Amino acid sequence: MTQNPGSPTPRVVLLDIEGTTLPVAFVHKVLFPYARAHLPALLVQQHDNPVVVQALAETAQLAPGVPAAEQLERWMDTDAKVAPLKSLQGLCWEQGYRQGELVADLYADVVPTLQAWKAAGLTLAVYSSGSEAAQKLIYGYTEQGDVTPLFSAFFDLKVGGKRESASYRAIVQQAGWVAADVLFLSDVVAELEAAEQAGLQVCQIARPEDGTVCGVRHRVAASLPQAARLFGLPEGA
Ligand SMILES: CSCCC(=O)C(=O)COP(=O)(O)O
Ligand SMILES: [Mg+2]
């Protein structure tokens, strides 16, 4: 299936991270365990860091009466997408990236395709449950170098959850985009459905390495160049 007749060629590409630009395993087998191992010490060492103070206050608000450390553990156990946990994980990862213990390995097609899209005048942006700071770190410390300059905007849970259509409306409004000009790429069907409800064009990225569960309603590509072909965008090197 190629571009929907009547849909404009996308001018903006909004990208998920996990399962779209890098392997799910990097997040679940490297980043999450790293944060779990380092969080207790971070809470002590950086107790007066305003990011920590705010995250702990938000945790107490969301789970009154539960000790913060216990609540954070529960959230990590269930992969809860909640802002205070995401802020604190971002702080843990910051240490890891800066000390050279963490390096993100993007799928090989990602940088050449994003470079081609940017060179063609498209706007590129990120939407992840990971905090904005964590997004800048993951793209700042990759095997392919610092690729943050490719992106014009970084959206996180401040706009809402990725499975809610209101979040995509908020992104479009904040950025001053036209919803139909935006192509959202994600591996998760529920996220595509929410974005589609908000009027965005969508494409599922189903990486064979990630064992992505394919939906039946959306166009599916196994890589960014394949998505480019489906939507009339340049494919890159
Ligand atoms: C910024 S990389 C870490 C991503 C993360 O923390 C996460 O929970 C991924 O969730 P998503 O909903 O963006 O797939
Ligand atoms: Mg994903």
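Counting convention: from 1, in listed order, for ligands and their atoms alike. Since the structure is predicted, the reported quantities are computational estimates derived from the model, not experimental observations.
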- Item | Heavy atoms from other residues, nucleotides or ligands near CD of Gln54 exceed 12 (cutoff 6.0 Å) |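 No, the 6.0 Å shell around CD holds no more than 12 heavy atoms from other groups.
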- Atom CD of Gln173: over 12 foreign heavy atoms under 6.0 Å: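 Open.
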Just need the protein heavy atom nearest to [atom], so name the residue and atom and give the distance.
atom                    : answer
atom 4 (C) of ligand 1  : Ser128 OG, 3.8 Å
atom 2 (S) of ligand 1  : Ile138 CD1, 3.5 Å
atom 12 (O) of ligand 1 : Ser129 OG, 2.5 Å
atom 10 (O) of ligand 1 : Lys81 NZ, 3.1 Å
atom 6 (O) of ligand 1  : Lys86 NZ, 2.9 Å
atom 9 (C) of ligand 1  : Glu18 OE1, 3.1 Å

Does the side chain of [X] pick up a donor-acceptor pair with the side chain of [Y] at under 3.5 Å?
X      : Y      : result
His38  : Gln95  : no
Thr148 : Asp146 : yes
Lys118 : Gln115 : no
Thr78  : Arg74  : no

- Is Lys86 paired with Asp156 through a side-chain N to carboxylate O contact shorter than 4.0 Å?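 Between Lys86 and Asp156 there is no salt bridge, as every charged N stays at least 4.0 Å from the carboxylate O atoms.
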- Message: If the threshold is 4.0 Å, N to carboxylate O, is there a salt bridge linking Glu73 and Arg36?
- Response: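 Yes.
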- Query: For the hydrophobic clusters of this structure (ILVMFWY residues joined by side-chain heavy atoms under 4.5 Å, transitively), does one cluster hold both Phe155 and Leu124?
  - Reply: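 Per the 4.5 Å side-chain linkage, Phe155 and Leu124 are not co-clustered.
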- Query: Any idea which part of Asp16 is under 4.0 Å from ligand 1, heavy-atom wise: side chain, backbone, both or neither?
  - Reply: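 The answer is the side chain of Asp16.
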- Message: Under 4.0 Å, heavy-atom basis, I'd like to know which part of Tyr139 is in contact with ligand 1: side chain, backbone, both or neither.
- Response: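 For Tyr139, no heavy atom sits under 4.0 Å from ligand 1.
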- Message: Can a donor-acceptor pair be found, under 3.5 Å and without considering hydrogens, that links the side chain of Glu94 to the backbone of Leu137?
- Response: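 Flag not set: sc Glu94 to bb Leu137 has no pair under 3.5 Å.
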- Item | Shortest non-hydrogen separation from Ala83 to Leu157 and the atoms involved |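 Of all heavy-atom pairs spanning Ala83 and Leu157, the closest is N-CD1, 3.7 Å.
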- Total protein N, O or S atoms, the Mg ion (ligand 2), separation less than 2.8 Å: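 For the Mg ion (ligand 2), protein nitrogen, oxygen or sulfur atoms under 2.8 Å: 3.
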- Taking only heavy atoms of Lys162, which atoms of ligand 1 are found under 4.0 Å from at least one of them?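 This gives 11 (P), 12 (O), 13 (O), 14 (O) as the contact atoms.
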- Query: For ligand 1, which atoms, with element, lie under 4.0 Å from some heavy atom of Trp93?
  - Reply: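 Under 4.0 Å from Trp93, ligand 1 has these atoms: 3 (C), 6 (O).
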